[in-house]
Amino acid sequence: MTIIIDGKAVAAEIRQEAKGEATTLLEQGITPCLAVVLVGDNPASKAYVGSKVKACEEVGVKSIKIEMDADASEEALLAQIEGLNNDASVHGILVQLPLPKHMDEDRIIEALDPSKDVDGFHPVNVGKLSIGIDCLTPCTPTGIPELIVRSGIEMSGKHAVVIGRSNIVGKPMMNILVQKGNKANCTVTCCHSGTKDLTEFTRQADILIAAIGVPEFVTADMVKPGATVIDVGINRVDDASDKRGYKLVGDVNFDDVKAVAGAITPVPGGVGPMTVAMLMKNTVKAARMLHGIG
Ligand code: L34
C-alpha cells in the first residue's frame with residue numbers, strides 16, 4: 001500500500017508546536033512578530049500571504065501585512081525593509097516572491113537583516129546552512145524532512161535525488177539533506193535542465209524530490225518501486241469544470257506515480273501547508289535568537 005503523506009496533518013502538528021513555543025515567549029513578555037511584504041496583486045501570492053497571516057493568528061504570532069502597488073519603486077521597498085530591520089518589535093521579515101520585474105530580488109534579499117530573514121534567503125544564512133551553523137533556513141525545503149520522518153520513513157543513509165536547482169528549493173534542499181542527523185544524512189544528487197539521461201538518476205532515488213515547475217513532469221517510469229516521492233510543484237492549470245477555473249497540480253503525475261511509489265505527497269495538501277507551518281517555527285526561532293534565548 002502506498003502511503004499518501006498528509007501534509008495538512010503534519011503542518012497542523014507543527015503549528016501546534018510553534019504555538020507552544022510562542023506561548024513560552026509570551027510568558028516572558030515577548031510577542032513574536034512577523035512582517036509580510038506583498039508587492040503587486042499576483043493572485044497566488046495573495047493567497048499564500050493570506051495563509052501565512054491566518055497561521056500567525058492560530059499560533060499566537062503578531063502579523064503585520066504591508067501591501068505595495070505593483071509599480072512601487074525598488075527604493076520604496078528598500079525603505080520599508082529598513083524600517084522593519086530597525087523596528088525591535090519585529091522579529092521576522094518576509095518579502096513574498098516573485099517581485100515585479102523592475103525589482104532586483106537579490107538586492108532586496110540582501111537588504112534584509114539576516115537575523116530577521118525567516119525565509120533563510122539572505123547570503124549570510126545560505127552560507128551558514130552550507131557549513132552547518134544553526135541559522136534560519138528556507139521554509140519549503142526545511143519542511144520536507146519533517147514531512148518524511150514524521151510519516152515514519154527513515155532518511156539516514158538513503159539516496160536523495162533533487163530535481164531542480166533554484167535558490168528557494170533545490171539548492172537549500174541539497175544542503176539540508178547532506179547534513180548529519182536523522183532528519184538528513186542522505187547521499188545527495190541534484191539533477192537539472194543540464195542533466196543528461198535524467199531517468200537514469202531519478203530511478204536510483206530512495207527519496208525523489210521534484211521542484212521543477214513543470215506540471216506532472218515526473219512519471220512512473222522515472223521512479224524506483226517503493227521510493228518516497230515529494231512533490232514541491234504547485235502549478236495552476238486551466239480547468240473549466242472547477243469553479244475557480246483552474247486546478248492545482250504538482251510536478252509529479254500523481255495517479256501514475258502513486259502506483260509505484262512507496263510514499264507520495266499530494267498537491268494540494270502536501271508540501272504547501274508545510275511551508276507555512278515552518279514559517280511559524282522560523283518566526284518563533286528568530287524571536288528567540290533576537291532576545292538571546294537558547
Ligand atoms: N519569500 N516567497 C517567499 N517565501 C516563500 O516561502 C514563498 N513561497 C513560494 C512562493 N513565494 C514565496 C510560498 O510561500 C511558494 N509558497 C507557498 C505557500 C503556501 C502554499 C503553497 C506555496 C500552500 O498553502 N499551498 C496549498 C494550497 C494553496 C491553494 O489552494 O492555492 C497546498 O495545499 O499546497
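Each ligand, and each atom within it, is numbered from 1 in the order the structure gives.
- Residue-ligand proximity, G269 to ligand 1, at heavy-atom distances under 4.0 Å covers atoms 32 (C), 33 (O), 34 (O).
- For the pair F254 and I4, the minimum side-chain heavy-atom distance is below 4.5 Å.
- A 4.5 Å side-chain heavy-atom check between V124 and D117 finds every atom pair outside the cut-off.
- The closest approach between any non-hydrogen atom of C139 and ligand 1 is not below 4.0 Å.
- A side-chain contact (heavy atoms from CB on, under 4.5 Å) with T137 is found for one member of V118, V126, D119, L129 and no other, namely L129.
- Nearest protein heavy-atom contact of atom 31 (O) of ligand 1 is L248 CD1, 3.6 Å.
- With a 4.5 Å cut-off on side-chain heavy atoms, I14 and R150 count as touching.
- Under a 4.0 Å N-O distance rule, the pair K285/D134 qualifies as a salt bridge.
- Every atom of ligand 1 with a heavy atom of P273 under 4.0 Å away is listed here by number and element: 32 (C), 33 (O), 34 (O).
- The shortest side-chain heavy-atom distance between E74 and L77 does not fall under the 4.5 Å cut-off.
- Proximity of T275 to ligand 1, defined as any heavy-atom pair under 4.0 Å, is confined to the side chain (atoms from C-beta onward).
- Listed by number with element, the atoms of ligand 1 under 4.0 angstrom from any heavy atom of F121 are 1 (N), 3 (C).
- One finds no salt bridge joining K19 and E58 here, because no Lys/Arg side-chain nitrogen approaches an Asp/Glu carboxylate oxygen to under 4.0 Å.
- Proximity of V36 to S63: side-chain heavy atoms (C-beta onward) are nowhere separated by under 4.5 Å.
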Inset, instruction - Go through the steps for K224 and D206 under the test salt bridge (Lys or Arg N to Asp or Glu O under 4.0 Å), then give the verdict. - result: CA-CA 7 Å; K224 178 163 86 175; D206 302 311; 2.8 Å; yes

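- With ligand atoms numbered from 1 in the order given, ligand 1 contributes 1 (N), 3 (C) to contacts under 4.0 Å with heavy atoms of V95.
- Of the protein's non-hydrogen atoms, D119 OD1, 3.0 Å is the one closest to atom 4 (N) of ligand 1.
- From the protein, the heavy atom lying nearest to atom 16 (N) of ligand 1 is Y48 CD1, 3.8 Å.
- Nearest protein heavy-atom contact of atom 12 (C) of ligand 1 is Q96 NE2, 3.2 Å.
- Ion pairing of E75 with R107 is present here, as a side-chain N (NZ or NE/NH1/NH2) and a carboxylate O approach within less than 4.0 Å.
- Taking atom 11 (N) of ligand 1 as the reference point, the nearest protein heavy-atom neighbour is L97 O, 2.9 Å.
- Heavy atoms of V267 found under 4.0 angstrom from ligand 1: none, in either backbone or side chain.
- Set against the non-hydrogen atoms of I234, the atoms of ligand 1 under 4.0 Å away are 21 (C), 25 (N), 34 (O).
- For the residues A277, P266, G272, A47, the heavy atom positioned nearest atom 25 (N) of ligand 1 is part of G272.
- Of all atoms in ligand 1, numbered sequentially from 1 with element shown, those under 4.0 Å from a heavy atom of K52 are 4 (N), 5 (C), 6 (O), 7 (C), 13 (C), 14 (O).
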